Asks: 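Questions regarding the structure given below will be posed in turn.
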Amino acid sequence: MSPAEAHAALRLLHRYGLLSDEAQAGPRAVRLHALTARAVREYTPADELPDIVKTAADALTELWRKGDPGYRDEEAVLRTNVDSLDEYAGDLLWKVEGHHILRWAGRSLTGYGLATASLPYWQRLTAKSERLLGRAHPHTLDARRELAVAYFHVNRSAKAFALLQEDFRHHEGVLVQARPSAPQKSTSMTIALLEDTLAVRERLLGHEDAATVSCRLQLALAQHASMALEATARGKGPPQATRKPRSAIRRLQRWWGELTT
């Protein structure tokens with residue numbers, strides 16, 4: 001379907017009162033009426049739902065990638081659409097591999113400083129990811145890390161640190177299995193890059209900016225992963241679950257102390 005054909009279809013639906021098509025409304029130019037949406041859902045064959053959900057997720061993915069990161073109104077509209085899709089698709093969104101847009105929406109909330117909204121959002125998403133993907137799945141670990149960032153933003157640092165400590169053993173297992181023979185030089189370069197990035201973000205954005213906090217957590221995890229790789233290279237295997245990742249935790253605790261003094 002060409003853009004002209006799509007626009008003609010929208011105008012036709014607008015004339016019949018099935019949706020609103022107002023070009024001057026910007027990102028909210030097209031709105032589907034509630035009764036129309038309900039009728040469409042009720043009369044959509046169940047065997048067609050996976051393809052529909054996948055198409056909707058792909059469309060939102062394309063719009064998000066093409067969007068302007070600084071355009072708050074557009075991102076707010078995208079988050080609303082993601083929430084609607086998540087509400088009506090449920091677990092099916094995860095089955096068609098469209099759940100990445102849920103993490104994007106959550107990071108958008110955190111990035112714009114909407115702490116009171118981002119915390120319950122990441123709590124729900126983390127619980128759902130653990131249920132559908134598993135506790136140690138990389139996407140679940142990503143969600144839990146974002147949840148820790150959300151805890152930092154509402155000044156619940158103790159909860160954030162506890163969450164990160166719980167996940168160190170899972171992170172090390174995933175990283176060591178994924179890169180059992182990765183050269184130590186590559187890990188060192190990654191840590192160096194993260195350190196440089198963190199320094200720049202602290203200087204330009206501040207210590208408490210969402211991007212700075214995320215980079216700080218990534219650096220701590222990378223340092224702990226380096227410990228695991230070193231142990232594997234020496235033939236000792238990855239650190240045991242009972243072994244505390246001291247250097248990574250000290251880095252986080254040192255930063256915590258800086259914020260609270």
Side-chain angles (χ1 to χ4, degrees), residues 64 69-70 72 75-76 78-79 82-83 86 99-172 174-175 190-191 193-226 244-245 247-261:
W64 207 300
R72 296 176 65 105
E75 284 208 16
L78 287 172
R79 287 199 305 268
V82 169
D83 288 343
D86 181 37
H99 51 86
H100 59 276
I101 59 176
L102 301 177
R103 293 190 295 277
W104 291 359
R107 290 182 188 124
S108 175
L109 286 172
T110 305
Y112 281 120
L114 304 174
T116 55
S118 67
L119 179 57
Y121 183 95
W122 283 112
Q123 288 173 328
R124 292 192 301 271
L125 185 58
T126 297
K128 196 166 189 177
S129 185
E130 290 179 356
R131 176 172 63 85
L132 296 175
L133 301 181
R135 175 66 177 78
H137 192 282
H139 290 329
T140 300
L141 296 177
D142 285 345
R144 288 175 61 84
R145 187 165 61 247
E146 296 291 349
L147 176 58
V149 172
Y151 277 124
F152 278 124
H153 280 283
V154 294
N155 298 318
R156 295 176 63 181
S157 301
K159 182 68 175 177
F161 284 118
L163 194 68
L164 292 171
Q165 282 186 272
E166 290 174 7
D167 284 357
F168 272 123
R169 62 189 180 91
H170 295 291
H171 277 290
E172 73 191 14
V174 170
L175 290 171
T190 299
I191 292 175
L193 179 61
L194 284 170
E195 288 176 337
D196 291 342
T197 302
L198 177 60
V200 172
R201 289 183 178 181
E202 286 179 338
R203 185 171 69 252
L204 298 179
L205 303 177
H207 287 266
E208 297 186 57
D209 185 84
T212 305
V213 173
S214 178
C215 185
R216 187 175 291 113
L217 298 182
Q218 293 282 1
L219 176 58
L221 292 171
Q223 289 180 323
H224 187 61
S226 177
K244 295 183 179 180
S247 63
I249 293 176
R250 283 172 181 165
R251 172 176 287 275
L252 289 170
Q253 289 174 334
R254 182 166 60 252
W255 168 68
W256 186 11
E258 291 172 358
L259 290 183
T260 55
T261 56

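None of these values were measured; they are calculated from a predicted model.
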Asks: Strictly by salt bridge (Lys or Arg N to Asp or Glu O under 4.0 Å), give each pair with a member in residues 104-126 just once, sequence neighbours left out.
Replies: R107-E146
Asks: Mind checking what makes side-chain hydrogen bond (donor to acceptor under 3.5 Å, both in side chains) contact with R131, not counting sequence neighbours?
Replies: D91
Asks: Can you name the side-chain hydrogen bond (donor to acceptor under 3.5 Å, both in side chains) partners of S118, sequence neighbours left out?
Replies: none
Asks: To the closest 0.5 Å, what do you measure between CD (E75) and OH (Y112)?
Replies: 4.0 Å
Asks: What closest approach, in Å, do V82 and A105 show between heavy atoms, and which atom pair accounts for it?
Replies: CG1-CB, 4.1 Å
Asks: Is the shortest side-chain heavy-atom distance between R145 and W122 below 4.5 Å?
Replies: no
Asks: Do L133 and H99 have side chains that get closer than 4.5 Å, going by heavy atoms?
Replies: yes
Asks: Does W104 reach the side chain of R79, with side-chain heavy atoms less than 4.5 Å apart?
Replies: no
Asks: Ignoring hydrogens, what is the shortest heavy-atom contact between T126 and A143? Give both atom names and the distance.
Replies: OG1-O, 3.4 Å
Asks: Using the test side chain to side chain contact (heavy atoms under 4.5 Å, CB included), find all partners of A127 that sit at least two apart in sequence or belong to another chain.
Replies: none
Asks: To the nearest 0.5 angstrom, please state how far the CG atom of L119 sits from the CG atom of L114.
Replies: 12.5 Å
Asks: Check whether any side-chain N or O of Y151 sits under 3.5 Å from a backbone N or O of F161 as a donor-acceptor pair, and report yes or no.
Replies: no
Asks: Once rounded to the nearest 0.5 Å, what's the spacing between atom CG of L78 and atom CD1 of I101?
Replies: 9.5 Å
Asks: Decide yes or no for T110 and F152: does some side-chain heavy atom of the first lie under 4.5 Å from some side-chain heavy atom of the second?
Replies: no
Asks: Return the minimal non-hydrogen interatomic distance between W64 and S108, and the atom names on each side.
Replies: CZ2-CB, 3.8 Å
Asks: Taking side chain to side chain contact (heavy atoms under 4.5 Å, CB included) as the test, write out the residues that go with A162, two or more places apart.
Replies: none
Asks: Are the side chains of R144 and R135 in contact, using a 4.5 Å heavy-atom criterion?
Replies: yes
Asks: Once side-chain hydrogen bond (donor to acceptor under 3.5 Å, both in side chains) is applied, do any residues pair with H153, and if so which ones, sequence neighbours excluded?
Replies: none
Asks: What residues, two or more places apart in sequence or in another chain, satisfy side chain to side chain contact (heavy atoms under 4.5 Å, CB included) together with A148?
Replies: A160, L163, L164
Asks: Once salt bridge (Lys or Arg N to Asp or Glu O under 4.0 Å) is applied, what residue pairs with a partner in residues 149-163 remain, sequence neighbours excluded?
Replies: none
Asks: Once side-chain hydrogen bond (donor to acceptor under 3.5 Å, both in side chains) is applied, do any residues pair with T140, and if so which ones, sequence neighbours excluded?
Replies: S129
